[in-house]
Enquirer: 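Take a look at this one; I'll ask things after.
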Amino acid sequence: MGTQEFKFKGAVVNGFLMLFVNLAVLVLSIVSIINGIVNLDASYGVHGGWLLAIGVLLLFANICMWCGFMQLEPNEARVTTWFGKYAGTFAQAGFYWINPFYGTKKLSLRARNLDAEPIKVNDKVGNPVMIGLVLVWKLKDTYKALFEVDTQTMASPTPGTTGSDVKSIMNALEKFVRVQSDAALRQVAGQYAYDDEDGGAGDLTLRSGSEDINQLLEQKLDDRLALAGIEVVEARINYLAYAPEIAAVMLRRQQASAIITAREKIVDGAVSMVKMALDKLSKEGVVELDADKKASMVSNLLVVLCGDDSAQPVVNTGTPN
């Protein structure tokens, strides 16, 4: 969906120049009013009346002209409307003056952080997990932010009215981002298992596929937040754990899996060491072993190498007389 945002095309005057003009008009209106009042009682009171009327009109115009000043800092924008119709977005930093009958609303284009609290979701196989994210976002399309999403109503503390100050509008956008981030995080987390044992060997998981998961999360957030003209700078999962009610059980399962893996490596190493010992004894002719003695030696070596406790050898000193 294309953007409807465009640059403000109305007349823009340097603010300092208009400040000087406004002060001059203010002085001229005050002088005209004073002269008009003084000359009302003179013989040429008609001219005094005109001077008074002109002074009042100049004062009214001066008051209106003061409403046309606007000051913008870097990465700020003013959305302008002409009696309800969108008239463009002005984003040039500085001090300016525009027609005071333009309605303006200020928006911030600076990057913002969202550190979402971990939420409980079910992964692909139904295990409850706690997952949280950190999101960096900024406003990209001011038209969508104000007119595609009802931020002005959400920004108002009073139901049925609209808010217009930049803080309220940006807070309303932040609430929108928070809700959509929650929905996107639930959607992504539900597509994958927590780890390999839950989803099957070789499958992408929440634990192992961090970069791929983060890219998918950014894509889902971009799709959801584009409606409000928001650009996702970065989105990453910053918290991942089993829910408390199953955390202890899953910890024991992980410990058991680690123990089994460790035992497999110990057995593999022990078998290779026993084979090496037998081959070396046979090759160098240190001792002749029959099948029974080899079996006994293999059994003893495996017990020593695979046991958790240190071996307590019994030294054979020979046969007693």
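No experiment lies behind these values; they were computed from the predicted model shown. Both backbone and side-chain heavy atoms feed into the values below; hydrogens, waters and symmetry mates do not.
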Enquirer: Taking C-beta and beyond as the side chain, do Ile37 and Leu52 meet within less than 4.5 Å on heavy atoms?
Expert: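 Answer yes - side chains close enough.
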
Enquirer: Under 6.0 Å between ring centres, would you say that holds for Tyr102 and Trp82?
Expert: yes

Enquirer: With a 4.5 Å limit on heavy-atom distance, are the side chains of Arg207 and Leu240 in contact?
Expert: yes

Enquirer: Between Thr81 (side chain only) and Gly84 (backbone N and O only), is there a donor and an acceptor less than 3.5 Å apart?
Expert: no

Enquirer: Just to verify, what does Asp212 make a salt bridge (charged side-chain N to carboxylate O under 4.0 Å, His left out) with, not counting sequence neighbours?
Expert: none

Enquirer: When you measure from the side chain of Glu231 to the backbone N and O of Lys138, does any donor-acceptor pair fall under 3.5 Å?
Expert: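 No, because the side chain of Glu231 does not come within donor-acceptor range (under 3.5 Å) of the backbone of Lys138.
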
Enquirer: Scan the side chains in residues 7-15 for donor-acceptor partners under 3.5 Å anywhere in the protein, sequence neighbours excluded, and list what turns up.
Expert:
unit_1, atom_1, unit_2, atom_2, d
Asn14, OD1, Phe16, N, 2.9
Asn14, OD1, Leu17, N, 3.3

Enquirer: Grab the two heavy atoms, one from Ala77 and one from Thr142, that are nearest each other, plus how far apart they are.
Expert: CB-CG2, 4.3 Å

Enquirer: Walk me through whether Ile213 and Leu204 qualify under side-chain contact (heavy atoms from CB on, under 4.5 Å).
Expert: CA-CA 9 Å; Ile213 299 296; Leu204 185 65; 4.1 Å; yes

Enquirer: Compare every heavy atom of Leu146 with every heavy atom of Ile169, then report the nearest pair and how far apart it is.
Expert: CD1-CD2, 3.9 Å

Enquirer: Is the distance between the ring centroids of Tyr86 and Phe6 less than 6.0 Å?
Expert: yes

Enquirer: Under a 4.5 Å cut-off applied to non-hydrogen side-chain atoms, are Tyr242 and Asp195 in contact?
Expert: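 Yes, at least one pair of side-chain atoms sits under 4.5 Å.
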
Enquirer: What's the spacing between Leu173 CG and Lys144 NZ if we round to 0.5 Å?
Expert: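 One gets 13.5 Å once the value is rounded to the nearest 0.5 Å.
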
Enquirer: If you round to the nearest 0.5 Å, how far is CD1 of Ile33 from CG of Leu59?
Expert: 5.0 Å

Enquirer: Output yes when a side-chain donor or acceptor of Trp97 lies under 3.5 Å from a complementary backbone atom of Met65, and no otherwise.
Expert: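 Checking the backbone N and O of Met65 against the side chain of Trp97, a donor-acceptor pair under 3.5 Å is found.
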
Enquirer: Going by the rule side-chain contact (heavy atoms from CB on, under 4.5 Å), which residues pair with Leu28 if we only count those two or more places apart in sequence or in a different chain?
Expert: Leu58

Enquirer: Is there a side-chain contact between Thr104 and Val79 in this structure, where contact means two heavy atoms from C-beta onward sitting under 4.5 Å apart?
Expert: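 No, their side chains stay 4.5 Å or more apart.
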
Enquirer: Who passes side-chain contact (heavy atoms from CB on, under 4.5 Å) against Gln180, sequence neighbours left out?
Expert: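 In terms of side-chain contact (heavy atoms from CB on, under 4.5 Å), with neighbours along the sequence ignored, Gln180 is linked to Phe176, Arg224, Leu225.
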
Enquirer: Please identify each residue that fulfils salt bridge (charged side-chain N to carboxylate O under 4.0 Å, His left out) with Arg236, with sequence neighbours left out.
Expert: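 For Arg236 the salt bridge (charged side-chain N to carboxylate O under 4.0 Å, His left out) partners, ignoring immediate neighbours, are Glu211, Glu234.
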
Enquirer: What pairs meet the side-chain hydrogen bond (donor to acceptor under 3.5 Å, both in side chains) rule with one or both residues in residues 15-33, with sequence neighbours excluded?
Expert: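 side-chain hydrogen bond (donor to acceptor under 3.5 Å, both in side chains) check on residues 15-33 returns no pairs.
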
Enquirer: With a cutoff of under 4.5 Å between side-chain heavy atoms, which Ile, Leu, Val, Met, Phe, Trp and Tyr residues group with Tyr239?
Expert: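 Listed partners: Met130.
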
Enquirer: Do Phe147 and Asp141 pass the side-chain contact (heavy atoms from CB on, under 4.5 Å) test, and can you show the C-alpha distance, the side-chain angles, and the key distance before you say yes or no?
Expert: CA-CA 10 Å; Phe147 305 119; Asp141 192 318; over 6 Å; no

Enquirer: Using the rule that Ile, Leu, Val, Met, Phe, Trp and Tyr join whenever any side-chain heavy atoms are under 4.5 Å apart, tell me whether Val149 and Leu109 fall into a single cluster.
Expert: yes

Enquirer: Through direct or indirect side-chain contacts below 4.5 angstrom among Ile, Leu, Val, Met, Phe, Trp and Tyr, which residues connect to Val31?
Expert: Val27

Enquirer: Hydrophobic clusters here meaning ILVMFWY residues chained together by side-chain heavy-atom distances under 4.5 Å, can you tell me if Leu114 and Leu217 are in one?
Expert: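 Per the 4.5 Å side-chain linkage, Leu114 and Leu217 are co-clustered.
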
Enquirer: Under a 3.5 Å distance rule, please check whether Thr151 uses its side chain to pair with a backbone N or O of Ala145 as donor and acceptor.
Expert: yes

Enquirer: Minimum heavy-atom separation for Met170 and Ser108, please, with both atom names.
Expert: CE-O, 3.5 Å

Enquirer: For Asn122 and Val129, what are the C-alpha separation, side-chain angles and deciding distance, and is it a side-chain contact (heavy atoms from CB on, under 4.5 Å)?
Expert: CA-CA 6 Å; Asn122 291 330; Val129 299; over 6 Å; no

Enquirer: How close do Leu107 and Leu139 get, heavy atom to heavy atom, and via which atoms?
Expert: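 Between these two residues, the closest heavy atoms are CD1-CD2, 3.8 Å.
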
Enquirer: So which residues get pulled into Phe60's cluster when ILVMFWY side chains under 4.5 Å apart are joined, directly or through others?
Expert: none

Enquirer: With rounding to the nearest 0.5 Å, note down the distance linking CG in Leu227 to CD in Glu148.
Expert: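 So the gap between those two atoms works out to 6.5 Å.
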
Enquirer: Only counting residues at least two apart or in another chain, list the ones meeting salt bridge (charged side-chain N to carboxylate O under 4.0 Å, His left out) with Lys120.
Expert: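 Salt bridge (charged side-chain N to carboxylate O under 4.0 Å, His left out) list for Lys120, sorted by chain: Glu245.
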
Enquirer: If I compare all heavy atoms of Gln71 with all of Phe95, which pair ends up nearest, and what's the gap?
Expert: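 Heavy atoms of Gln71 and Phe95 come nearest at CB-CD1, 4.2 Å.
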
Enquirer: Run the numbers on Gln187 and Lys220 for side-chain contact (heavy atoms from CB on, under 4.5 Å), then give the verdict.
Expert: CA-CA 9 Å; Gln187 181 181 5; Lys220 296 295 183 183; 3.5 Å; yes

Enquirer: Work out which heavy atom in Ile131 is nearest to a heavy atom in Ala189; give both atom names and the distance.
Expert: CD1-CB, 4.1 Å

Enquirer: How many angstroms lie between atom CZ of Arg78 and atom OH of Tyr96, to the nearest 0.5 angstrom?
Expert: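 It is 13.0 Å, given to the nearest 0.5 Å.
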
Enquirer: Is there a path of hydrophobic side-chain contacts, each under 4.5 Å between heavy atoms of I, L, V, M, F, W or Y residues, that connects Phe69 with Ile98?
Expert: no

Enquirer: Donor-acceptor check, side chain of Asp123 to backbone of Tyr194, threshold 3.5 angstrom: yes or no?
Expert: yes

Enquirer: Identify whether Tyr192 and Ile119 are in the same connected component of the hydrophobic contact network (ILVMFWY, side-chain heavy atoms under 4.5 Å).
Expert: yes

Enquirer: Should the heavy atoms of other residues, nucleotides or ligands under 6.0 Å from CZ of Phe83 be counted, would the total exceed 12?
Expert: yes

Enquirer: How many angstroms lie between NZ in Lys106 and CD in Glu76, if you round to the nearest 0.5 Å?
Expert: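 Going from the NZ atom of Lys106 to the CD atom of Glu76 covers 4.5 Å.
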
Enquirer: Under a single-linkage definition using a 4.5 Å side-chain heavy-atom cutoff for Ile, Leu, Val, Met, Phe, Trp and Tyr, are Val179 and Ile230 assigned to the same hydrophobic cluster?
Expert: no

Enquirer: Indicate yes or no: at least one non-hydrogen side-chain atom of Asp223 is less than 4.5 angstrom from one of Leu221.
Expert: no

Enquirer: Does anything in residues 173-188 form a salt bridge (Lys or Arg N to Asp or Glu O under 4.0 Å)? List the pairs, not counting sequence neighbours.
Expert: Arg112-Glu174, Glu174-Arg178, Asp182-Arg186

Enquirer: Within this structure, what is the CG-CG distance for the pair Asn62 and Leu23, rounded to the nearest 0.5 Å?
Expert: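 The CG atom of Asn62 sits 8.0 Å away from the CG atom of Leu23.
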
Enquirer: For Glu73, check salt bridge (charged side-chain N to carboxylate O under 4.0 Å, His left out) against everything at least two apart and list the hits.
Expert: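 Testing Glu73 for salt bridge (charged side-chain N to carboxylate O under 4.0 Å, His left out), a comparison that skips the adjacent residues, returns Arg110.
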
